[in-house]
Amino acid sequence: MNTQKYIIASIAASVFFFFYGFVVYALLLTDYVKGITPEGMQIPEADQSMLYIGLGCLVQGFMLTYIFIKGLENKGLMEGLRFGFFVGLFVFGIYLIWVGTSPLDVRAGLTFGIIDTIMYMGGGAVMAMLYKK
């Protein structure tokens with residue numbers, strides 16, 4: 001593993017995850033997300049912590065880049081998109097479990113699953129473009 005490329009790709013993916021989430025959830029779909037998320041699953045914006053959101057994105061970026069590198073076939077952008085798609089499907093499955101075990105309804109689970117699958121595909125693309133053998 002090329003440590004320098006790994007760190008750069010991980011940080012870039014983390015930044016992508018953070019800003020994608022901010023743009024989609026906080027700017028574009030704020031009212032829609034509030035409308036489909038059960039009240040008991042929401043916390044006020046004032047209580048949300050950018051520190052923990054940022055740290056979560058950093059952990060995801062480093063861990064997903066590590067997994068991506070371990071299976072790297074050096075096939076470029078399409079490999080990154082495919083990787084992100086499969087990670088997104090995995091997370092989609094988690095949302096479906098939440099639909100069955102929490103007050104999250106099917107529409108919210110499907111919406112979040114689709115939004116996050118697109119996010120992971122973008123992150124995979126970033127990883128593929130920055131980490132090449």
A.B. asks: For residues Leu58 and Ile69: do they belong to one hydrophobic cluster (side chain heavy atoms under 4.5 Å, members Ile, Leu, Val, Met, Phe, Trp, Tyr)?
C.D. replies: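 Yes, Leu58 and Ile69 fall within the same hydrophobic cluster.
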
A.B. asks: Please name the pair of heavy atoms, one in Val99 and one in Val106, separated by the smallest distance, quoted to 0.1 Å.
C.D. replies: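 Nearest pair, atom of Val99 first, then Val106: CG1-CG2, 3.8 Å.
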
A.B. asks: Looking at Thr65 and Ala13, what are the two nearest heavy atoms and their distance?
C.D. replies: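 Heavy-atom minimum between the residues: OG1-CB, 4.2 Å.
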
A.B. asks: Count the heavy atoms belonging to other residues, nucleotides or ligands that lie under 6.0 Å from CE of Met1, then report whether that count exceeds 12.
C.D. replies: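 Enclosed: over 12 neighbouring heavy atoms sit under 6.0 Å from CE of Met1.
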
A.B. asks: Once you round to the nearest 0.5 Å, how far does OG1 of Thr111 lie from CG of Asp105?
C.D. replies: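 Here the rounded value is 8.5 Å.
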
A.B. asks: Considering residues, nucleotides and ligands other than Phe62, do more than 12 of their heavy atoms fall under 6.0 Å from its CZ?
C.D. replies: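 Enclosed: over 12 neighbouring heavy atoms sit under 6.0 Å from CZ of Phe62.
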
A.B. asks: Between the side chain of Glu79 and the main-chain N/O of Ala128, is any donor-acceptor distance below 3.5 Å?
C.D. replies: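 Here the side-chain-to-backbone pair does not exist.
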
A.B. asks: Working to the nearest 0.5 Å, report the span between CD1 of Ile67 and CE of Met127.
C.D. replies: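 Taking CD1 in Ile67 and CE in Met127, the distance rounds to 9.0 Å.
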
A.B. asks: Return the minimal non-hydrogen interatomic distance between Ser14 and Cys57, and the atom names on each side.
C.D. replies: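 Between these two residues, the closest heavy atoms are OG-O, 3.2 Å.
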
A.B. asks: Is there a path of hydrophobic side-chain contacts, each under 4.5 Å between heavy atoms, that joins Ile11 and Leu51?
C.D. replies: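 Unlinked, Ile11 and Leu51 end up in two clusters.
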
A.B. asks: Spell out, as yes or no, whether a donor-acceptor pair under 3.5 Å connects the side chain of Tyr131 to the backbone of Ser10.
C.D. replies: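 No; zero donor-acceptor contacts below 3.5 Å.
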
A.B. asks: Could you give the distance from NZ (Lys132) to CG (Asn74), rounded to the nearest 0.5 Å?
C.D. replies: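 CG of Asn74 is found 8.0 Å from NZ of Lys132.
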
A.B. asks: Looking at Asp116, Thr117, Val87, which hits side-chain contact (heavy atoms from CB on, under 4.5 Å) with Phe92?
C.D. replies: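 Running side-chain contact (heavy atoms from CB on, under 4.5 Å) over Asp116, Thr117, Val87 with Phe92 returns exactly one hit, Thr117.
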
A.B. asks: Out of Phe17, Phe22, Tyr25, Phe18, which residue meets the side-chain contact (heavy atoms from CB on, under 4.5 Å) rule with Ile53?
C.D. replies: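 Going through the options one by one, the only one that passes is Phe18.
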
A.B. asks: According to a hydrophobic-cluster definition based on side-chain heavy atoms being under 4.5 Å apart (Ile, Leu, Val, Met, Phe, Trp, Tyr only), do Ile8 and Phe19 belong together?
C.D. replies: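 Hydrophobic grouping puts Ile8 with Phe19.
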
A.B. asks: Are the side chain of Tyr20 and the backbone N or O of Ile115 linked by a donor-acceptor pair below 3.5 Å?
C.D. replies: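 The answer is yes, because a donor-acceptor pair under 3.5 Å joins these two groups.
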
A.B. asks: Measuring from Ile114:CD1 to Tyr95:OH, what's the distance to the nearest 0.5 Å?
C.D. replies: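 The OH atom of Tyr95 is 11.5 Å from CD1 of Ile114, to the nearest 0.5 Å.
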
A.B. asks: I'd like to know if Met129 and Leu64 are part of one continuous hydrophobic network [Ile/Leu/Val/Met/Phe/Trp/Tyr, side-chain heavy atoms within less than 4.5 Å].
C.D. replies: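 No; tracing contacts between hydrophobic side chains, which count when under 4.5 Å, never links both residues.
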
A.B. asks: Honestly curious: do Ile118 and Leu28 fall in one hydrophobic cluster under the side-chain, below-4.5 Å linking rule?
C.D. replies: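 They do share one cluster, since a chain of ILVMFWY contacts under 4.5 Å joins Ile118 to Leu28.
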
A.B. asks: Go through the steps to decide whether Thr3 and Ile7 satisfy the test side-chain contact (heavy atoms from CB on, under 4.5 Å), and finish with yes or no.
C.D. replies: CA-CA 6 Å; Thr3 304; Ile7 291 170; 3.9 Å; yes

A.B. asks: Evaluate the criterion side-chain contact (heavy atoms from CB on, under 4.5 Å) for residue pair Leu81 and Phe85; output intermediate values, then yes/no.
C.D. replies: CA-CA 6 Å; Leu81 291 170; Phe85 178 73; over 6 Å; no

A.B. asks: Working note: Lys5 + Leu130, criterion side-chain contact (heavy atoms from CB on, under 4.5 Å); need CA distance, chi angles, decisive distance, verdict.
C.D. replies: CA-CA 7 Å; Lys5 286 182 180 182; Leu130 294 176; over 6 Å; no

A.B. asks: Any chance you could lay out the side-chain contact (heavy atoms from CB on, under 4.5 Å) test for Met119 and Val24, step after step, and finish with the verdict?
C.D. replies: CA-CA 10 Å; Met119 178 184 72; Val24 172; over 6 Å; no

A.B. asks: Taking the six-membered ring where the residue is Trp, are the ring centres of Phe83 and Tyr120 under 6.0 Å apart?
C.D. replies: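 No: the rings miss the under 6.0 Å criterion.
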
